[in-house]
Amino acid sequence: MIRPHRVPSFLAGALVLACAGFAGPALAIQQTSTFSIVAYDSVTQELGVAVQSKYFSVGTAVPWVKAGVGAVATQANVNVALGPQALALLATGMSSADVMRALAATDTSWAGRQVGIVDAQGRAVNWTGPRCMDWAGGETGPGFAVQGNILAGPAVTAGMAKAYRETKGEMAERLIAALEAAQAAGGDKRGMQSAALMIMRPSTTHPQYNTRYIDLRIEDHKTPIKELRRVWNIFEGFHLANAHLDFADEYDAEGRHDLARLERDRVGESMQRALKRNDRDVSLLNGLAWACATHDMFLGDAVEAAKRGSAIEPRNVDVLDTLAEAYFRDGQAAKAVEVEKRAASIDTKSVYLKQQIERFQKGPVQ
Amino acid sequence: MIHGRRLGAAALVLSALLIPALAHATFSIVAYDSTTQELGVAVQSRAFSVAEAVPWAEAGVGGIATQASTNESFGPLGLDMLRKGMAAPDVVRALVDSDSGQTHRQLGVVDVHGASAAHTGKDCSSWAGHRTGYGYSIQGNILAGEAVVADMERAFLNTPGELAARLLAALDAGQAAGGDKRGMQSAAILVVRPSDEFPEYRTRYIDLHVEDSKSPIQELRRVFQIHEATKLAEAHLRYAEAYEKAGRKDLAQMERTRVGEALKRALARGENDASNLNGLAWTCAENGVFLPEALQAAERAVKLEPKDTGILDTLAEIHFKMGDQAKAVEVESRALALAPNDSYLTQQLARFRAGGAK
């Protein structure tokens, strides 16, 4: 007999149906015990899914998202095809509720499915089939739906909803907070194996964000939510800071300066989170500090982050250059020159560093 | 200054220009399989979460790797062009021509007819270059040397079997030849495949990420092996069924053979993951293929997890399928002794005792 990867044997009974019938590939009927959240942010137009499961590589099965269209989580006795099918229906302009009805009408094993859908107007619905294994259920709120099966109890999805509502800031932070709350409430009865965070966002100037704004996966891990948080922290300090600045430019070009400001603030928030958790990842500190310095924002924090990075790797020329740049932008030209000279004494051949020193010696920012 | 995560000084020029693009010192392969219509990309990089930026593929459309000072928009824009029927060389030309940062970019494209093309900008840090042939494009930058792409090409061309195995062999060869000068951090494999019945395969037939690891290729292989024993085995049987329906018995047979090949690979590498062994053995047993190898795998799995009734059941099923009724009954009885109330095991035992019809 076969069952999902590394399932403890007490579940064997649940999978009897899968094997006894010999009707088709045994693997087609897998109980993926899972909790997930689908969500929509009306300000940024982000659509996203976060999910955790005692199932290998949950990110390839459960979350389906398309910018401007919707976000879908398909789980329990999972029919992965419901993901792309729901997106195709949402793309025709159907509401999430109508899409759910259409899926129900065409899926002959609907009683075993669990699905959450939010459309691009923020209308969220979910479905938990009567044959999903206990505890199974969920709830919906404005712009989001949480759902799970084979859970410790209703506190899991209730905790997710509460965490999502109460967490401030960008969607990814709120989604991860929801996963963490679920785990804290007992989470998945059978433990953990994989997690994923997927967020899409419409962009005219950067089409990649339409299909891949954030797409992080933990395929097979003992503590997948913790690992997801770890890679998210790297991601936000690195890729996402650039994305926010891309969107800030896009908004500025459209005359939406309030939204541009919000995007830049997001970078500042990332920076503050990194400083607050005392992040020791030098490239992350350096990345955030450079982004802030070169955009003349949060300069005090930029100096602080570069200082911390430099304390960890005192001979890292890149970090010294960032620190010098941050000092310079912050109006501390003398310190900028001093730090950049230190960098130039380590990398004596660099033309770039010499140019930087000359620039700093000329005085304040033009 | 900032460049690609933990990049060396080579990318200085970029940061001086304040180009916001992230640098991906990387080696990758884009390839097409004309029998299965699979399109795939495999990639390794000394940059965080390379899956986010480099690989792009859509079934029936094409595959793209965009890297070096990465212009990520090449991915979706290139797929749009391929969707409209543009050939790979035209897509590369159009993307490169439209990009003011073209001298820093590296790009490989394979279309759905197997045509391939690549671009390595003259400002990509050395060693940087590419190799293309019918059905594939291999490219890399900040590499130990040209041997990296040459060995990747050789490994791809000389590895038999399914596309994913050939892509992973290419990554292994690239790494063995020195790989990325600055080391490793992330890896990914993305393979897409047309399917009427299972639309998810069109965008996600195989889609595995290693975001941040000291040995990402090794980790990618580890998760691929789990995938291969579970989801991919299932996918092969689904395609076998679809091919049967379409009257393509040869292709159906090939799909089943793929599962057997995966099983043989697992045995050859001395697989120690009992559920991987069990997944492959059960799939073969159920389909009556590669039974001697399935027997070996199931016996190995039982040795690793002697009290797992699911694995014992697999072993019993194989004995039964191979005509050894007595052993089937003996093994299933052992399973039932461990879980006396299990109705499925009871049914199985009765079935084995009755013998005859399989």
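Both backbone and side-chain heavy atoms feed into the values below; hydrogens, waters and symmetry mates do not. A note on names: the letters A, B, ... follow the listed sequences, proteins ahead of strands, and every chain is numbered from 1.
- Side-chain contact check for B:Glu211 and B:Ser186: no donor-acceptor pair (N or O, by modelled atom type) lies under 3.5 Å.
- Of the listed residues (A:Asn210, A:Ile218, A:Leu245, A:Ile214), the one with the most heavy-atom contacts under 4.5 Å to chain B is A:Ile214.
- Interface remark: B:Leu190 contributes side-chain atoms only to the contact with chain A (heavy atom separation under 4.5 Å).
- In this structure, the portions of A:Ser57 lying under 4.5 Å from any heavy atom of chain B include both its backbone and its side chain.
- Aromatic ring orientation, B:Phe320 versus B:Phe352: tilted (interplanar angle from 30° to 60°).
- Partners of A:Glu340 by side-chain hydrogen bond (donor to acceptor under 3.5 Å, both in side chains), not counting sequence neighbours: none found.
- Contact count versus chain A (heavy atoms, under 4.5 Å) is highest, among B:Phe74, B:Phe198, B:Trp56, for B:Trp56.
- With a 4.5 Å cut-off on non-hydrogen atoms, B:Ala339 does not touch chain A at all.
- With a 4.5 angstrom heavy-atom cutoff, B:Thr203 touches chain A only via side-chain atoms.
- Geometrically, B:Arg238 does not engage B:Tyr201 in a cation-pi contact, judged by NZ or CZ lying under 6.0 Å from the ring centre and within 45° of the ring axis.
- Counting heavy-atom pairs under 4.5 Å between each of B:His227, B:Glu219, B:Glu305 and chain A puts B:His227 at the top.
- Of the listed residues (A:Gln356, A:Glu227, A:Glu219), the one with the most heavy-atom contacts under 4.5 Å to chain B is A:Glu219.
- Taking A:Ser203 as the reference, A:Glu250 meet the side-chain hydrogen bond (donor to acceptor under 3.5 Å, both in side chains) condition, with sequence neighbours excluded.
- Looking only at distances, no side-chain donor or acceptor of A:His239 sits under 3.5 Å from a matching main-chain atom of A:Phe235.
- Using cut-offs of 30° and 60° for the angle between ring planes, the B:Tyr205 and B:Tyr239 rings count as perpendicular.
- At a 4.5 Å heavy-atom cutoff, the contact between B:Glu52 and chain A is made by backbone and side-chain atoms alike.
- Between chain B and the options A:Pro63, A:Ala306, A:Ala326, the largest number of non-hydrogen pairs under 4.5 Å is found for A:Pro63.
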